[in-house]
2 protein chains.
Amino acid sequence: MNKEKKNRPNPRRDVIIAKAAMLFRKNGYVATSMRDLAEEVGVEAASLYNHISSKSEILQDICFRVANKFMLNIDEVSARPISALEKVELILRFHIREMINNYEEVNVSDREWRHLPEPYLLNFQNQRKIYRQKFASLIEEGIRSGEINEIDAPTAVIIMLHAVSGIESWHRSVKKIDADQLEKNMVMILIHGLKKNS
Amino acid sequence: MNKEKKNRPNPRRDVIIAKAAMLFRKNGYVATSMRDLAEEVGVEAASLYNHISSKSEILQDICFRVANKFMLNIDEVSARPISALEKVELILRFHIREMINNYEEVNVSDREWRHLPEPYLLNFQNQRKIYRQKFASLIEEGIRSGEINEIDAPTAVIIMLHAVSGIESWHRSVKKIDADQLEKNMVMILIHGLKKNS
DNA sequence: CCTACCGATCGGTAGG
DNA sequence: CCTACCGATCGGTAGG
């Protein structure tokens with residue numbers, strides 16, 4: 001008897017969550033019904049409940065998987081023997097690549113977390129806060145060492161995180177430039193600014 | 001007999017739309033019911049329909065008022081006898097101030113436009129596209145004149161617009177820095193970049 | 001995995 | 001501006 005449902009691989013469940021992420025991103029969590037999702041998966045709505053226990057459980061799965069991935073990355077990058085500015089740039093690049101390669105789930109996590117039920121909402125908001133504080137600390141370290149301009153670190157964090165979330169517009173549109181070019185441009189603008197140094 | 005309902009001042013209607021903007025921003029358009037809105041206004045749900053014809057009409061009002069304001073601004077700024085980089089900076093500052101002073105409606109317009117019914121959705125998306133093209137043209141002008149780094153202009157537009165939308169996080173949090181400081185910091189980071197010129 | 005169904009809530013209308 | 005109400009749809013369950 002398997003007690004740990006969560007750790008057992010369940011391909012059907014993964015399909016449901018992947019389809020849900022796609023619908024949640026496109027139409028929003030609230031506007032997506034379990035019947036919409038069932039149709040996408042190819043079953044009746046009632047059958048979904050053999051694999052998931054509620055609609056909000058799907059949202060929890062998506063939001064926390066994304067949050068954990070980013071948290072692991074910032075800790076891994078922070079531990080490296082490189083300068084603070086290099087760390088900030090690496091984290092920025094990680095955000096850009098995740099937004100491109102995993103954009104359904106990352107966008108859902110970014111935009112739909114407000115609909116998490118308690119106590120998950122509070123938990124998610126806390127993780128978010130901790131992540132931003134870690135990011136801000138790296139920027140402050142860079143300011144102290146003279147690599148980074150003397151700006152308000154929390155404001156810089158907000159700009160970095162939200163600028164990257166704009167990639168959704170790029171992903172949906174006709175991609176005139178490729179992913180590598182996009183990453184290069186974003187890093188250029190955010191790290192070096194718009195203005196040319198004369 | 002007044003045929004033009006739209007142009008007649010209607011303070012009650014304005015209150016309804018302001019309360020709706022606040023609820024739509026906080027909980028999302030779909031998750032806000034007409035009963036929630038009625039309670040906020042202090043009437044029964046049915047009474048709202050004496051002032052508005054549908055829930056989606058409220059969303060239309062908010063989205064297009066915001067879109068028109070930004071469009072007017074970019075045209076006004078573009079016509080000025082100043083450099084392209086100065087124009088870009090002025091537009092950026094306008095976005096920041098609107099996000100701070102009018103943040104309920106601007107945020108609703110930014111995040112909930114997807115729920116506009118056709119043909120308004122298509123109309124809104126077109127206006128959005130035109131706005132971004134105008135913005136991108138100014139950046140390209142700045143690149144040609146040598147004021148702005150050689151980056152992909154549409155990518156720069158996406159970064160500018162989305163970075164500013166992050167102000168919502170600032171607005172909701174304990175405001176450790178004031179609005180002027182926030183504007184100064186955002187312009188610094190986006191125009192001059194994170195990296196200090198050594 | 002399905003059929004059949006539940007109570008709750010939705011946007012909106014009729015009529016006064 | 002209200003009471004009373006409509007059909008549609010929601011998330012979810014029972015039972016097989």
Side-chain angles (χ1 to χ4, degrees), chain A residues 2 5-6 8-63 108 112-121, chain B residues 2 5-6 8-63 108 112-121:
Chain A
N2 248 320
K5 273 195 164 182
K6 286 278 174 91
R8 209 195 321 174
N10 189 336
R12 200 86 181 114
R13 189 172 190 277
D14 294 343
V15 168
I16 290 170
I17 291 175
K19 297 279 191 189
M22 179 251 208
L23 289 172
F24 291 173
R25 185 205 58 78
K26 200 166 68 174
N27 305 321
Y29 173 75
V30 183
T32 301
S33 73
M34 293 304 273
R35 284 155 181 86
D36 294 337
L37 176 54
E39 193 181 10
E40 193 67 35
V41 175
V43 295
E44 291 301 316
S47 305
L48 295 172
Y49 291 89
N50 290 306
H51 302 96
I52 50 109
S53 69
S54 68
K55 186 185 178 186
S56 73
E57 193 197 60
I58 303 176
L59 186 62
Q60 290 160 38
D61 249 58
I62 294 170
C63 290
V108 169
E112 306 294 333
W113 59 267
R114 288 159 227 264
H115 299 293
L116 284 170
E118 295 290 4
Y120 305 98
L121 178 59
Chain B
N2 246 320
K5 272 195 161 181
K6 283 281 172 88
R8 208 195 322 173
N10 188 338
R12 200 87 181 110
R13 190 172 190 278
D14 294 343
V15 168
I16 290 169
I17 291 175
K19 297 278 190 190
M22 179 251 209
L23 289 173
F24 291 173
R25 186 205 58 78
K26 200 166 67 172
N27 305 321
Y29 173 75
V30 183
T32 302
S33 73
M34 293 304 273
R35 283 153 182 89
D36 294 336
L37 176 54
E39 194 182 9
E40 194 67 36
V41 174
V43 296
E44 290 301 317
S47 305
L48 295 171
Y49 291 89
N50 290 308
H51 302 96
I52 49 110
S53 69
S54 67
K55 186 185 177 185
S56 73
E57 193 196 61
I58 304 176
L59 186 61
Q60 290 160 37
D61 248 60
I62 295 169
C63 290
V108 169
E112 306 294 332
W113 59 267
R114 288 160 227 265
H115 300 293
L116 284 169
E118 295 291 5
Y120 305 98
L121 178 58

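First the proteins, then the strands, lettered A, B, ... as listed; each starts at 1. Since the model is a prediction, treat every value here as computed from it, not as a measurement.
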* Asked: Distance from B/Lys19 atom NZ to B/Leu37 atom CG, nearest 0.5 Å?
  -> 9.5 Å

* Structure fact -> Between the CG atom in A/Leu48 and the CZ atom in A/Arg35, the distance rounded to the nearest 0.5 Å is 10.0 Å

* **Qualifying salt bridge (Lys or Arg N to Asp or Glu O under 4.0 Å) pairs with a residue from residues 112-121 of chain A, counting only residues at least two apart or across chains** => A/Arg114-B/Glu168

* **Aromatic ring pairing A/Tyr29/A/Phe24, orientation class (parallel under 30°, perpendicular over 60°, tilted between)** =>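 Perpendicular: the ring planes of A/Tyr29 and A/Phe24 meet at over 60°.
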
Side chain proximity check, [X] to [Y], heavy atoms < 4.5 angstrom:
{"X": "A/Ser56", "Y": "A/His115", "result": "no"}
{"X": "B/Asn50", "Y": "B/Arg12", "result": "no"}
{"X": "B/Ile62", "Y": "B/Arg25", "result": "no"}
{"X": "B/Val15", "Y": "B/His51", "result": "no"}

* **side chain to side chain donor-acceptor pair (under 3.5 Å) partners for B/Asp36, two or more places apart** =>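 B/Ser33.
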
* Considering residues at least two apart in sequence or located in another chain, which fulfil the side-chain contact (heavy atoms from CB on, under 4.5 Å) criterion with A/Asn27? ->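 Testing A/Asn27 for side-chain contact (heavy atoms from CB on, under 4.5 Å), a comparison that skips the adjacent residues, returns A/Leu23, A/Thr32.
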
* Asked: Near DNA chain C, under 4.0 Å by heavy atom, which residues of residues 23-46 of chain B?
  ->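 Contacting residues: B/Thr32, B/Ser33, B/Met34, B/Arg35, B/Ala46.
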
* **Opening and closing nucleotides of DNA chain D in contact with chain A, under 4.0 Å to non-hydrogen atoms** => D/dC10 to D/dT13

* Asked: Using the C1' atoms of the five pairs at each end, what is the angle between the end axes of the helix from C/dC1-D/dG16 to C/dG16-D/dC1, to 10°?
  ->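 What I find for the helix from C/dC1-D/dG16 to C/dG16-D/dC1 is an axis angle of 0°.
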
